Amino acid sequence: MSEHDVEPRTEREQTSATVAQPAKAARPANHEDGAQVSTDSTPPGIPDAAIPELVIISGMSGAGRSTAAKCLEDLGWFVVDNLPPALIPTMVELGARSQGNVARIAVVVDVRGRRFFDNLRESLADLESKHVTRRIVFLESSDDALVRRFESVRRPHPLQGDGRIVDGIDAERELLRELRGDADLVIDTSSLNVHELRAKMDAQFAGEEEPELRATVMSFGFKYGLPVDADLVVDMRFLPNPHWVPELRPYTGLNDEVSAYVLNQPGAKEFLDRYTELLQLVAAGYRREGKRYVTIAVGCTGGKHRSVAMSEKLAARLAAEGVETVVVHRDMGRE
């Protein structure tokens with residue numbers, strides 16, 4: 001885990017609660033003459049039609065807040081880190097006015113904003129009065145686990161001041177005690193690793209569908225260098241180069257004749273079939289490990305013919321398997 005969580009790569013965690021409940025709806029109020037006055041309508045501040053779902057992520061420093069936030073971001077949530085609690089209702093109102101573009105908001109609240117922390121309860125009450133469905137996720141961990149994590153990254157606890165790490169942990173635990181009691185979901189991160197925490201967040205927020213994997217298939221030319229963001233690299237230079245066929249040279253791998261020439265070469269279709277099968281296996285592993293994005297780089301000499309044609313075919317195969325796929329031809333047109 002990372003950054004403000006001070007999570008080393010070896011941290012482990014476990015769950016102590018699993019059910020998240022929405023905020024309670026406001027009850028009808030009685031008018032002074034005895035008639036009931038409905039308070040179910042949404043106040044003017046937030047449009048009634050598009051109130052976004054809200055999750056507040058908080059908990060102990062070093063317990064996994066940023067990992068939990070990143071998981072929600074990968075699931076399509078709009079994530080705001082370290083937002084002052086007093087601004088949460090404003091954030092929800094802005095989301096409601098986005099015409100459905102921001103339907104789910106996650107806000108990370110931690111002790112870095114401790115001077116604003118007293119405003120959190122007031123903000124929660126404001127959200128409840130506006131019928132905003134909100135859940136609080138609290139990341140917990142044992143003192144021993146937190147001390148090990150801070151010592152492993154050699155960073156001080158944000159509240160320890162001139163004292164020891166345990167002093168900062170005690171101060172933070174006391175500060176967050178009331179919020180922990182209000183939490184809808186408490187995850188004890190003492191004995192889970194990063195992937196196990198992501199799996200628990202997926203189970204709570206991904207719904208019944210398996211978390212989606214997104215792939216970028218990028219053609220490139222080796223003579224221009226390897227793509228620095230590639231997760232997987234394959235080399236099409238084992239196939240004959242259309243560059244040496246005069247009638248095909250001016251075209252790219254997007255041309256039907258060039259594509260047919262490449263795919264009809266010995267080994268081309270066999271490669272496409274077997275590499276697609278390999279990617280199915282890899283994709284399943286990526287999902288288990290919490291990886292949601294993969295870049296597959298397909299190279300040839302200049303990034304014009306073979307790599308372009310094969311990238312298009314490979315992307316079509318992945319899309320047929322249900323993988324959201326984007327094709328990028330990095331070097332096409334550079335020559």
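Nothing here was measured: the structure is a model prediction, and the numbers come from that model.
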Student: Using a cut-off of 6.0 Å, state whether more than 12 heavy atoms not belonging to Gln280 lie near its atom CD.
Tutor: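 Yes.
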Student: In the single-linkage hydrophobic clustering (I, L, V, M, F, W, Y; side-chain heavy atoms under 4.5 Å), do Met310 and Val328 co-cluster?
Tutor: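 They do not share one cluster, since no chain of ILVMFWY contacts under 4.5 Å joins Met310 to Val328.
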Student: To the nearest 0.5 Å, how far apart are NZ in Lys223 and OG1 in Thr301?
Tutor: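 Here the interatomic distance stands at 8.0 Å.
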Student: Any side-chain to backbone donor/acceptor pair from Glu196 onto Asn193? Under 3.5 Å, distance only.
Tutor: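 Checked: pair present.
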Student: Going by heavy atoms in the side chains, are Arg148 and Asp144 under 4.5 Å from each other?
Tutor: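 Arg148 vs Asp144: side chains touch.
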Student: Charged N to carboxylate O below 4.0 Å: is that the case for Glu174 and Arg177?
Tutor: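 Here Glu174 pairs with Arg177 in a salt bridge, since their nearest N and O are under 4.0 Å apart.
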Student: Report the distance from atom CE of Met201 to atom CG of Leu139, rounding to the nearest 0.5 Å.
Tutor: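 Going from the CE atom of Met201 to the CG atom of Leu139 covers 7.5 Å.
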Student: Mind checking side-chain hydrogen bond (donor to acceptor under 3.5 Å, both in side chains) for Arg274 and listing every partner two or more places apart, or none if nothing turns up?
Tutor: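 Arg274: no side-chain hydrogen bond (donor to acceptor under 3.5 Å, both in side chains) contacts found.
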Student: Evaluate the side-chain contact (heavy atoms from CB on, under 4.5 Å) criterion for residues Leu263 and Leu272: first the C-alpha distance (whole Å), next the side-chain angles of each, then the deciding distance (0.1 Å), finally the verdict.
Tutor: CA-CA 9 Å; Leu263 269 295; Leu272 184 59; 4.1 Å; yes
Student: Closer than 4.0 angstrom, basic N to acidic O: yes or no for Arg198 and Asp202?
Tutor: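 So Arg198 does not pair with Asp202 through a salt bridge.
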Student: Has Ser123 got a side-chain atom pairing as donor or acceptor with Ile88's backbone, closer than 3.5 angstrom?
Tutor: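 Side chain of Ser123 to backbone of Ile88: no pair is present.
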Student: When you compare the side chain of Val80 with that of Val108, does any pair of heavy atoms fall below 4.5 Å?
Tutor: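 In short, these two side chains do not touch, never coming nearer than 4.5 Å.
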Student: Under 4.5 Å between side-chain heavy atoms, chaining through other members, with only Ile, Leu, Val, Met, Phe, Trp and Tyr counted: pull out the rest of the cluster around Val308, sorted by chain and number.
Tutor: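 Besides Val308, the hydrophobic cluster comprises Leu254, Met332, listed by chain and residue number.
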Student: Would you indicate whether the side-chain heavy atoms of Val107 and Val55 approach each other to under 4.5 Å?
Tutor: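 In short, these two side chains do not touch, never coming nearer than 4.5 Å.
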Student: Please check this pair: side chain of Arg65 against backbone of Gly59, looking for a donor-acceptor N/O pair closer than 3.5 Å.
Tutor: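 Looks like yes, one N/O pair under 3.5 Å.
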Student: What residues form a side-chain hydrogen bond (donor to acceptor under 3.5 Å, both in side chains) with Glu270, not counting sequence neighbours?
Tutor: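 Here no residue qualifies.
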Student: Please determine whether the number of non-hydrogen atoms from other residues, nucleotides or ligands lying under 6.0 Å from atom CG of Asn264 exceeds 12.
Tutor: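 Enclosed.
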Student: Using modelled atom types and a 3.5 Å cut-off, is there a donor and acceptor pairing between side-chain atoms of Arg149 and backbone atoms of Gly62?
Tutor: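 Side chain of Arg149 to backbone of Gly62, a donor-acceptor pair under 3.5 Å: yes, one is there.
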Student: Are Tyr286 and Tyr293 linked, directly or through other ILVMFWY residues, by side chains that come within less than 4.5 angstrom of each other?
Tutor: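 Cluster IDs for Tyr286 and Tyr293 differ.
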Student: Would you say the side chain of Met218 lies within less than 4.5 Å of the side chain of Val327, judging by non-hydrogen atoms?
Tutor: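 Contact flag for Val327/Met218 side chains = no.
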Student: Please name all residues satisfying side-chain contact (heavy atoms from CB on, under 4.5 Å) with Ala215, sequence neighbours left out, ordered by chain then number.
Tutor: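 Scan of Ala215 (side-chain contact (heavy atoms from CB on, under 4.5 Å), adjacent residues dropped) gives Val294, Leu318, Val323, Thr325.
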Student: Supply the atom-to-atom distance Asp110 CG to Leu83 CG, rounded to the nearest 0.5 angstrom.
Tutor: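 So the CG of Asp110 and the CG of Leu83 are separated by 11.0 Å.
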Student: Closest approach of Ser219 and Gly303, non-hydrogen atoms and distance?
Tutor: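 It is OG-O, 4.5 Å.
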Student: Tell me whether Ser259 contacts the main-chain N or O of Asn255 through its side chain, where contact means a donor paired with an acceptor under 3.5 Å.
Tutor: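 It does not hold such a pair.
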Student: Using the ring pair (Phe, Tyr, Trp, His ring centres under 6.0 Å) rule, collect all pairs that involve residues 308-335, keeping only residues at least two apart or in two chains.
Tutor: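 Passing the test, one end in residues 308-335: no pairs.
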Student: With sequence neighbours excluded, what pairs up with Asp162 under the side-chain contact (heavy atoms from CB on, under 4.5 Å) test?
Tutor: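 side-chain contact (heavy atoms from CB on, under 4.5 Å) check on Asp162 returns nothing, list empty.
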Student: Who are the side-chain contact (heavy atoms from CB on, under 4.5 Å) partners of Arg173, not counting sequence neighbours?
Tutor: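 For Arg173, the residues satisfying side-chain contact (heavy atoms from CB on, under 4.5 Å) (neighbours in sequence not counted) are Met60, Glu140, Asp143, Leu146, Ile169.
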Student: List in chain and number order the residues that pass side-chain contact (heavy atoms from CB on, under 4.5 Å) with Val102, two or more places apart in sequence or in another chain; answer none if no residue qualifies.
Tutor: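 Once residues adjacent in sequence are excluded, the partners of Val102 under the side-chain contact (heavy atoms from CB on, under 4.5 Å) criterion are Phe78, Ser98, Ile105.
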Student: If we only count heavy atoms from C-beta on, is the Leu185 to Phe138 side-chain gap below 4.5 Å?
Tutor: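 With C-beta onward as the side chain, the pair stays apart.
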Student: Spell out, as yes or no, whether a donor-acceptor pair under 3.5 Å connects the side chain of Ser58 to the backbone of Val109.
Tutor: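 A pair under 3.5 Å: yes.
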Student: Would you kindly confirm whether Leu94 and Leu124 end up in one hydrophobic cluster when ILVMFWY residues are joined by side chain heavy atoms under 4.5 Å apart?
Tutor: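 No, it is not one cluster - the side chains of Leu94 and Leu124 are not joined through contacts under 4.5 Å.
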Student: Does any pair with a residue in residues 306-331 pass salt bridge (Lys or Arg N to Asp or Glu O under 4.0 Å), and if so which ones, sequence neighbours excluded?
Tutor: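 For residues 306-331, and leaving out neighbouring residues, the salt bridge (Lys or Arg N to Asp or Glu O under 4.0 Å) pairs sorted by first residue read Arg214-Glu324, Asp273-Arg317, Asp331-Arg334.
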Student: Mind checking what makes ring-ring contact (aromatic ring centres under 6.0 Å, His included) contact with Phe238, not counting sequence neighbours?
Tutor: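 Residues passing ring-ring contact (aromatic ring centres under 6.0 Å, His included) with Phe238: Phe271.
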Student: Could you check if a side-chain atom of Ile296 sits within less than 4.5 angstrom of a side-chain atom of Leu279, using non-hydrogen atoms only?
Tutor: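 Yes. Closest side-chain heavy atoms under 4.5 Å.
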Student: Of all heavy-atom pairs between Arg104 and Phe205, which one has the smallest distance, and what is that distance?
Tutor: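 Nearest heavy atoms, Arg104 then Phe205: NH1-O, 4.1 Å.
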Student: Taking a hydrophobic cluster as the set of Ile, Leu, Val, Met, Phe, Trp and Tyr residues connected by side-chain heavy atoms closer than 4.5 Å, whether directly or through intermediates, do Val262 and Tyr275 fall within one such cluster?
Tutor: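 Yes; Tyr275 is reachable from Val262 via cluster members.
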Student: Could you list all the side-chain hydrogen bond (donor to acceptor under 3.5 Å, both in side chains) pairs where at least one residue sits in residues 233-254, not counting sequence neighbours?
Tutor: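 Sorted pair list: Asp235-Arg237.
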Student: Considering only heavy atoms from C-beta outward, does the side chain of Tyr261 approach that of Glu257 to under 4.5 Å?
Tutor: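 With C-beta onward as the side chain, the pair stays apart.
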Student: Each residue besides Val233 in its hydrophobic cluster should be listed here, by chain and number; the cluster joins Ile, Leu, Val, Met, Phe, Trp and Tyr at side-chain heavy-atom distances under 4.5 Å.
Tutor: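 Members alongside Val233: Phe220, Phe222, Leu226.
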Student: May I ask you to test the Ile187-Leu197 pair for a side-chain heavy-atom distance under 4.5 Å?
Tutor: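 Yes, side chains in contact.
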Student: Passes salt bridge (charged side-chain N to carboxylate O under 4.0 Å, His left out), Lys70 versus Asp74? Steps please.
Tutor: CA-CA 6 Å; Lys70 178 61 178 173; Asp74 289 344; 3.5 Å; yes
Student: Evaluate the criterion salt bridge (charged side-chain N to carboxylate O under 4.0 Å, His left out) for residue pair Asp184 and Arg134; output intermediate values, then yes/no.
Tutor: CA-CA 9 Å; Asp184 302 285; Arg134 58 91 177 141; 3.3 Å; yes
Student: Would you compute the distance between atom OG of Ser61 and atom CZ of Phe150 and round it to the nearest 0.5 angstrom?
Tutor: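 The distance works out to 5.0 Å.
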Student: Quick one: CG on Asp231 to OG1 on Thr216, what's the gap to the nearest 0.5 Å?
Tutor: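 Nearest 0.5 Å value for the CG-OG1 distance: 9.0 Å.
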